[in-house]
Visitor: 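Take this structure first; my questions come after.
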Amino acid sequence: MRKSLALIALLLGASCAREARPVRAEHVPVILISIDTLRADHLPLYGYRGVETPNIDALARDGIVFARAWSHCPMTLPSHVSMLTGELPTTHGVRNNLGFRYEAAKHPSISQRLQAVGYATGGAVSAYVLRGETGLRDAFQWYDDAIDTSPGARFRDYQRSGFTTAELAERWLDSLGTKPFFLFLHLYEPHVPYDPPEPYRSRYTNAYDGEIATADAIVGELIAHLKQRKLYDKAVIVLTSDHGEGLGDHGEEQHSILLYTATIRVPLVVKLPGDEKRGTRSNVPAALSDIAPTIAALTGLPPAKTDGIDLFAPPPKSRSIYAETIYPYVQLGWSNLSAMVSGSLHYIEGPRPELYDFAADPDERHDVIAEHRREAARFREELAKFPPPASGDLAVSGEDAARLAALGYVGSARQRPDPASLPNPVDMIGSLEEMRVAYELASEHRYGPAIQKMEALLAKNPRLVDVRVRLAEFYTEMGRPLDAVREYKAAIGSSAVFSSEIAVSLGDAFLQAGKLDDAENAARTAMEGSPDKARRMLVRIDLARGDVVAAERIAAQLPGTGSDLLLRAEVRNAAGDANGALRLLGEADARAQSAGEKGVFGLEALRADLLARAGRNAEAVSACEKEIAMFPNDRIAYARLAVLYFTMGNRSAVDHTLDRLVKANPNRSAYELAARTLEALEDVSGARKWRSRMPRE
C-alpha cells in the first residue's frame, strides 16, 4: 500500500510540470533568495519536524516546491555562479571558492540579461566568499558586500547578519520607485559557526536548526516589506540554497569535501506572479543551473544557451545532473570527486566509485554498485565527457610567470600528482578531527602543541594546503612573519591552483618582516584574482616606503568600505593632514555603522593617535578603550594607551594596560610589544622584565 501511495505521489508531482506553462510576465519584480548551507531535509517542506519555518512554508503555499533539486558543487562561490548564469562549474570555470574568478563578460548572468531590457539589478550578500572582487560585482548595478576583513577580523567576522543584509536590500528596493528590478539576496544563516540569536537560541537545542529558524524570520521580514510595497503578488520569487551540510553524515561535519545527498541536495521554491501553480509540488529533477533559464523564460527574455533548463517547459524524458568538488584535491591533497544523479540513482566517481538508490536509502548507507554495474558504467561514460575537475595550468604572461615562480608556484598540471593516485576523501575524512584539535589548541593560544600537531599532519601529507595556511596564520599571530612566509610559500607551491588570496596573505607576512619588494611582488601577482586586497596591500607598502603620493593614488581606486576609508585616513595622516584624516575616520565609522558592522579594526586606535598629537589626551584614552572593547586583539591600541598614560604621568595605568595587552593576547609577540613600548619610554629595566616573562612557544 505504501509503495502504491508513493507511486501516486510521484506521478502527481511530475504531472504538475506538464500543465500549460506559466504566462510570461515582462517587467515583473524578480527576487532570488539564497540561504547558504541549507539542507533540504532540514525543512518542514521536505518532511522535517525539528524546526518551524512559517515564512518559507507560506511562500511554498503560494508557489511550487521542487522535491528533487540539486547543487552542482558543495561550495558557495561556484554554486552561486551556476545559479546566476545557468551554467555548470565546468562551463563558467569557477570551480572552487579560492583560486577562481567569475568573468561576467564571458558568462553573462540573468541579472545582466534583465538589465539589458530595463531592469535595475542589485545584490546584497552576507559572506566574504561572495565579495564583489570575485567578479560578482560586475554582474550587478548595485552590489553590497561591505564585510570587514581587516587584520583584526576573526572567521565569524567574515560574515554579517542576514537581518542587516536584508535591510540594505530593502533600502535599495525603496530607492527604485516603480522601476522593475532583479534582487539577489544571500543569507549566511545557517553556515558555521551556528550561533542563532534569541529567541531561536533558547527555542532550539540544535543550533543549526536555530539558524534555519533565524533565516526564516529574515525571509519573513523581506516578504512583509514586499507586501507593504504591493510587490509580492506580482513578483517572481525563487528561494533555494547553494548546498547542504554534512552534520556528521559519512563523517563530514560541514561541506565541500564529499558529494553525498546531505551536501548537494537543496531546497527549491518558485513563486509565480498572481495565483499560478499555487501550492503545487514537482518531482521533476531540478538543478541550480535551471534557475537562470527559468527566470529568463518567465520574464520573456529570448532563449540563450545554458546548461540548465526552463523548469516550466515540458521536462526531458530522462536527465542526469552533474556535481563535482575539487576542494579535496586543491586544499587537502586528496582525490577530487564528481557525481551524477539520474532518477533515484546517485553515482559518485572517485578512487572507489559508489552508487546509491536514495529513494530506497535516503541516508545513502548501502552502496549498490555491485548490483547495478551497467548503470555505473553508463554514469562513468557520462562523467568522462566533462573536463577534469582539477588542473594546475595557468595562461599567464612571462612576467606573471616569473612572479608566480618567485612565490613558489609551479603552475603546470604535468608536475602535480595525478588525482587518481591520491587518497579517497571518504577514507581520509577522519583526519579532519586532528586538524580541528590543532586549530582549537591555537585558538586557546597553545601554539606549541598546535604547531606540533600540524607539523605531524604535514609530515604525512605535505599537500594539506589548508593546514599550511592556518599554520602561517598562527606564526603571524605569534610575531614570526618569516616562518609565516615559509608556510604561505609552501601552500602556494603545493596547491593545484594558484590562489590570489594566499598570495595576499604572503604579501602581508613579507610586509611585517620588512621585505617590501617581496611584498609588492606578492601583491601584484594577486592583482587579477583579488584586485581590492592587492591594492590595499600596495597602499600599505607605499606607506612603509614613505611614498604618500603613490599610496594616495592607489587608495583612491578602492571600493570605499569602512576599512578603505580608514586606509585613506592613514595616508592623510602620513601626509601631515590630521584634520583630513579625522574627517575620513568619521566617514569610515558612518559607513561601517550603515553596513551593520560593530566598527572598523584599527579606526579608534588611529583616532586616538591623532587626538593625542592634538593634546586631547582624555579623548584619546576614550578612543583607545573603545578600540579595545570592540577588538581585544588589537595590540597597537594597548601600546598607544600605555604611552598616553605615561605622558599623563600615570605609571600604574601603564603597567595595568600592558598586563591587559598580554592577557588578551597571550603570545610572545604581545610580550615583545610590551617590552618595545617600555623601551620607547626609556624604561630599559621594565622592558627586560617583560622579555624575561615571555612564554615558550
Side-chain angles (χ1 to χ4, degrees), residues 31-39 42-43 51-56 59 76-77 80 122-132 136 140 142-150 152-174 183-204 206-226 239-243 245 254-255 559 561-563 588-601 603 629-632:
I31 300 102
L32 170 59
I33 304 170
S34 173
I35 304 176
D36 208 295
T37 321
L38 177 57
R39 275 179 68 147
H42 267 247
L43 283 178
V51 66
E52 295 179 358
T53 55
N55 298 296
I56 295 174
L59 180 66
T76 297
L77 181 59
H80 282 96
V125 300
S126 299
Y128 172 75
V129 72
L130 295 181
R131 64 199 179 282
L136 287 172
F140 296 88
W142 172 80
Y143 195 79
D144 194 292
D145 63 346
I147 298 164
D148 181 31
T149 56
S150 62
R154 301 164 297 167
F155 174 75
R156 65 173 59 243
D157 297 321
Y158 278 56
Q159 60 178 297
R160 65 181 173 192
S161 165
F163 287 106
T164 298
T165 309
E167 182 181 350
L168 293 167
E170 289 166 9
R171 286 187 213 163
W172 176 74
L173 292 180
D174 292 344
L183 169 66
F184 164 51
L185 174 66
H186 168 255
L187 309 178
Y188 212 45
E189 298 88 357
H191 197 284
V192 292
Y194 313 136
D195 187 23
E198 294 294 357
Y200 310 107
R201 182 194 303 272
S202 299
R203 188 175 299 170
Y204 296 99
N206 183 324
Y208 178 77
D209 288 343
E211 290 232 332
I212 292 174
T214 305
D216 178 78
I218 299 166
V219 170
E221 289 193 1
L222 175 65
I223 288 175
H225 190 80
L226 294 172
L239 183 144
T240 190
S241 180
D242 52 350
H243 53 73
E245 187 79 314
Q254 297 179 35
H255 54 272
T561 66
S563 292
D589 195 28
R591 183 71 54 84
Q593 297 302 321
S594 68
E597 299 171 6
K598 63 180 179 181
V600 180
F601 181 88
L603 187 151
M630 290 188 295
F631 304 102

Visitor: Measuring from Ser563:OG to Leu603:CG, what's the distance to the nearest 0.5 Å?
Guide: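 Separation between the atoms: 9.0 Å.
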Visitor: Enter the distance from Tyr188:OH to Thr165:OG1 here, rounded to the nearest 0.5 Å.
Guide: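 Answer rounded to 0.5 Å: 12.0 Å.
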Visitor: Could you tell me which residues satisfy salt bridge (charged side-chain N to carboxylate O under 4.0 Å, His left out) with Asp209, sequence neighbours excluded, listed by chain and number?
Guide: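 Residues passing salt bridge (charged side-chain N to carboxylate O under 4.0 Å, His left out) with Asp209: none at all.
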Visitor: Keeping Arg131 on the side-chain end and Tyr128 on the backbone end, is there a donor-acceptor pair under 3.5 Å?
Guide: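 Yes: the side chain of Arg131 pairs with the backbone of Tyr128.
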Visitor: Are Val125 and Tyr143 close enough that some pair of their side-chain heavy atoms sits under 4.5 Å apart?
Guide: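 Yes, their side chains come closer than 4.5 Å.
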Visitor: With a 4.5 Å limit on heavy-atom distance, are the side chains of Leu130 and Leu77 in contact?
Guide: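 The answer is yes, as the side chains (C-beta and beyond) meet within the 4.5 Å cut-off.
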Visitor: Does some side-chain heavy atom of Tyr204 sit less than 4.5 Å from a side-chain heavy atom of Glu52?
Guide: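 Result yes, sub-4.5 Å side-chain heavy-atom pair found.
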Visitor: When you compare the side chain of Val192 with that of Glu245, does any pair of heavy atoms fall below 4.5 Å?
Guide: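 Glu245 vs Val192: side chains touch.
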Visitor: Nearest 0.5 angstrom please: Leu187 CG to Ser34 OG, how far?
Guide: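 Going from CG on Leu187 over to OG on Ser34, the span is 7.5 Å.
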Visitor: With sequence neighbours left out, what residues match Arg203 under side-chain hydrogen bond (donor to acceptor under 3.5 Å, both in side chains)?
Guide: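 Result, side-chain hydrogen bond (donor to acceptor under 3.5 Å, both in side chains) vs Arg203: none returned.
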Visitor: Do you know which two heavy atoms are closest between Tyr194 and Ala207, and how far apart they sit?
Guide: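 Nearest heavy atoms, Tyr194 then Ala207: CB-CB, 3.6 Å.
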Visitor: Side-chain contact test, heavy atoms from C-beta onward, threshold under 4.5 Å: evaluate it for Thr37 versus Gln254 and give yes or no.
Guide: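 No, every pair of side-chain atoms sits at 4.5 Å or beyond.
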Visitor: Holding to side-chain hydrogen bond (donor to acceptor under 3.5 Å, both in side chains), I want the full list of residues that pass it with Glu189, two or more places apart in sequence or in another chain.
Guide: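 side-chain hydrogen bond (donor to acceptor under 3.5 Å, both in side chains) check on Glu189 returns nothing, list empty.
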Visitor: Partners of Glu170 by salt bridge (charged side-chain N to carboxylate O under 4.0 Å, His left out), sequence neighbours excluded?
Guide: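 Applying salt bridge (charged side-chain N to carboxylate O under 4.0 Å, His left out) to Glu170 gives none.
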Visitor: Decide, yes or no, whether a salt bridge links Asp144 with Arg160 under the criterion of side-chain N to carboxylate O below 4.0 Å.
Guide: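 Here Asp144 pairs with Arg160 in a salt bridge, since their nearest N and O are under 4.0 Å apart.
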Visitor: For the residue pair Phe140 and Gly123, what are the closest heavy atoms and their distance?
Guide: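 Shortest heavy-atom separation between Phe140 and Gly123 comes out as CD2-N, 3.7 Å.
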Visitor: Mind checking whether His191 and His255 have side chains closer than 4.5 Å, heavy atoms only?
Guide: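 His191 vs His255: side chains touch.
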Visitor: Any chance you could measure Thr164, atom OG1, to Gln159, atom CD, to the nearest 0.5 Å?
Guide: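 Here the rounded value is 11.0 Å.
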Visitor: Kindly state each residue pair satisfying side-chain hydrogen bond (donor to acceptor under 3.5 Å, both in side chains) with at least one member in residues 214-223, sequence neighbours excluded.
Guide: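 Counting only pairs at least two positions apart or across chains, the side-chain hydrogen bond (donor to acceptor under 3.5 Å, both in side chains) contacts touching residues 214-223 are Asn55-Asp216.
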Visitor: Quick one: OH on Tyr208 to CG on Leu38, what's the gap to the nearest 0.5 Å?
Guide: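 With rounding to 0.5 Å, OH (Tyr208) is 5.0 Å from CG (Leu38).
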Visitor: When rounded to the nearest 0.5 angstrom, what is the spacing between CG in Leu222 and CG in Leu173?
Guide: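 Atom-to-atom, Leu222:CG and Leu173:CG are 7.0 Å apart.
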Visitor: ring-ring contact (aromatic ring centres under 6.0 Å, His included) with His80: which residues, sequence neighbours excluded?
Guide: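 Checked His80 against ring-ring contact (aromatic ring centres under 6.0 Å, His included); matches are Phe184, His186.
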Visitor: Between Ala124 and Trp142, what is the shortest heavy-atom contact and its length?
Guide: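 So the two residues come closest at CB-CH2, 4.0 Å.
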Visitor: Applying the side chain to side chain contact (heavy atoms under 4.5 Å, CB included) test to Ile35, which of Asp242, Ile218, Ile212, Ile56 qualifies?
Guide: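 Exactly one option meets the side chain to side chain contact (heavy atoms under 4.5 Å, CB included) with Ile35, and it is Ile56.
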Visitor: Indicate the atoms forming the closest heavy-atom contact of Gly162 with Ser126, along with that distance.
Guide: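 Nearest pair, atom of Gly162 first, then Ser126: CA-OG, 4.0 Å.
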